[in-house]
Every structure is written in structure tokens, then in C-alpha cells.
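Here the structure is laid out as C-alpha cells; the discussion comes afterwards.
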Amino acid sequence: MKIAVCPGSFDPITLGHLEIIQRTANIFDKVIVLVMANYRKKSSHVFTADERAELIRKSIKSMDGMDNVEVDVYTGLLADYAEKKNATAIVKGLRAVSDFEDEFQQALTNQKLYSGFETMFMAASAENMFLSSSLVRQVGELGGDISAFVPDVIANDILERLRKD
Ligand code: ADP
């Protein structure tokens, strides 16, 4: 069975992430969306890891072509997780050149730690390439309409949570 892991902070998940996940689910037998609980920018996370996982679960339940997608939370090294799950690939979305250097460095590091999987990059669609979690947080915190950026089923959850802060 070919398993792909799509890791990230997902603080919160956006339509951009979900598009990459859906396209990955088309190609692989199983996709694990992995919320990296201690993943960089830790102190700036607005949503807890469990909240982020719940928003992802709710989103994928509402979408087609996601029957082979699971959500998990992890605090350790991505390479260890991929090895443990026998993953074939780590799949990441690339929006622009600005994503590239950091992603490339991570891919090479993971390759050194464990060479049993490939890191693959999927190009963002033109429609979603401007989308980011921070944009959703900024617009939401200021009371703006985030319905073009996240699935309808989670838009209110996100707005309510951002209002609480
Ligand atoms: P990170 O902390 O690595 O930036 P994110 O949760 O922001 O984690 O993103 C996870 C992955 O999704 C990264 O590979 C990122 O480049 C990709 N991604 C984020 N937003 C988009 C988007 N709008 N379109 C395609 N890929 C995206």
C-alpha cells in the first residue's frame, strides 16, 4: 500500500492545503494529514494541535475524494513518523519560490535521517497560491469574511475561536 504523509502546522487548514491533500489522495492509496504539534513557529500557534486536527477532520468529511485520508497529530521527528508508518512519500505543496529554499532544506535533512521515503512537491493551483493560514487568521481576527479561504463547514468555528483570543 502506498502511503503519503502531508505534514504541516495547519493553523488553521485552508482550501490551499485541502487542494493539495485531495490531489495527493487521488494518487496514493492512503494519505495521512499530519499536524506537527511542535513544528517551528510553536509559540505563534493560535489553535492547539487538537483543534487544528479537528478542523481538518471536519473539512475532509465534507469533501469528495477524501475517503482514504486520515488525520494524526505528532510531536516528534517527521522522518521517524514516516518510517514508523512505512510511508512512501512526504507530499508538500509549493506556492512560490519563497517556499522553496526552506522546503528543500527540510527535504534534504529528512533524506539524511531516513532514506526510505521520497519528498514530493506539488504545485499550488493558480487560484490558491496566495492563500495561507496567516492570511486566514489576519482577516478573521479583524472580523472579515474568510469563506473564500476555508471550507464552509469550519468557517464559523474558526471565527468564533479567533474572537475568543
Ligand atoms: P508550514 O508550517 O510548513 O508552513 P503549513 O501548515 O503552513 O505548514 O503548510 C503545510 C504545507 O502546505 C506546506 O508544504 C505549505 O507549503 C503548503 N501550503 C500552504 N498553503 C498552501 C496553498 N495555498 N497551496 C498549496 N500548498 C500550500
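Side chains are part of it too, since the values below use all heavy atoms of this structure and drop only hydrogens, waters and symmetry mates. Order of listing sets the numbers, starting from 1, for every ligand and every atom in it. Sequential numbering from 1 along the given sequence is applied to the chain's residues.
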What do you reckon, does L131 have a nitrogen or oxygen under 3.5 Å from a nitrogen or oxygen of ligand 1? yes
Count the heavy atoms belonging to other residues, nucleotides or ligands that lie under 6.0 Å from CZ of F130, then report whether that count exceeds 12. yes
Run the numbers for me: atoms of ligand 1, each under 4.0 Å from some heavy atom of G16, listed by number. 22 (C), 23 (N), 24 (N), 25 (C)
Decide whether an N or O pair under 3.5 Å exists between G93 and ligand 1. yes
Sub-3.5 Å donor-acceptor pair from the side chain of R23 to the main-chain atoms of A123, do we have one? yes
Pair R163 + E160, salt bridge at N-O below 4.0 Å: no
Sequence neighbours excluded, which residues qualify as salt bridge (charged side-chain N to carboxylate O under 4.0 Å, His left out) partners of D157? K58
Considering only heavy atoms of E103, which atoms of ligand 1 have at least one such atom less than 4.0 Å away? 13 (C), 14 (O), 16 (O)
Tell me which part of C6 gets within contact of ligand 1: side chain, backbone, both or neither, using heavy atoms under 4.0 Å. neither
Give the atom numbers and elements of ligand 1 that come within less than 4.0 Å of a heavy atom of I20. 25 (C), 26 (N)
For ligand 1, which is the ligand I care about here, please tell me if N128 has any N or O atom under 3.5 Å from one of the ligand's N or O atoms. yes
On a heavy-atom basis, the closest approach of S59 and V153 is CA-CG2, 4.2 Å
Among F130, F121, F10, closest by heavy atom to atom 6 (O) of ligand 1 is F10
Would you tell me whether D145 and S147 have side-chain atoms, one donor and one acceptor, within less than 3.5 Å of each other? yes
Looking at A124, which atoms of ligand 1 are within less than 4.0 Å of one of its heavy atoms? 24 (N), 25 (C)
Does H17 have a heavy atom less than 4.0 Å from any atom of ligand 1? yes
Tell me if a side-chain donor or acceptor on D29 pairs with a main-chain N or O of K2 at a distance below 3.5 Å. yes
Taking all heavy atoms of V31 and all of C6, pick out the closest pair and write down the distance. CG1-SG, 3.9 Å
Ligand 1 to S9 polar contact by distance, N or O atoms, under 3.5 Å: yes
What part of M122, side chain, backbone, both or neither, has a heavy atom within less than 4.0 angstrom of ligand 1? neither
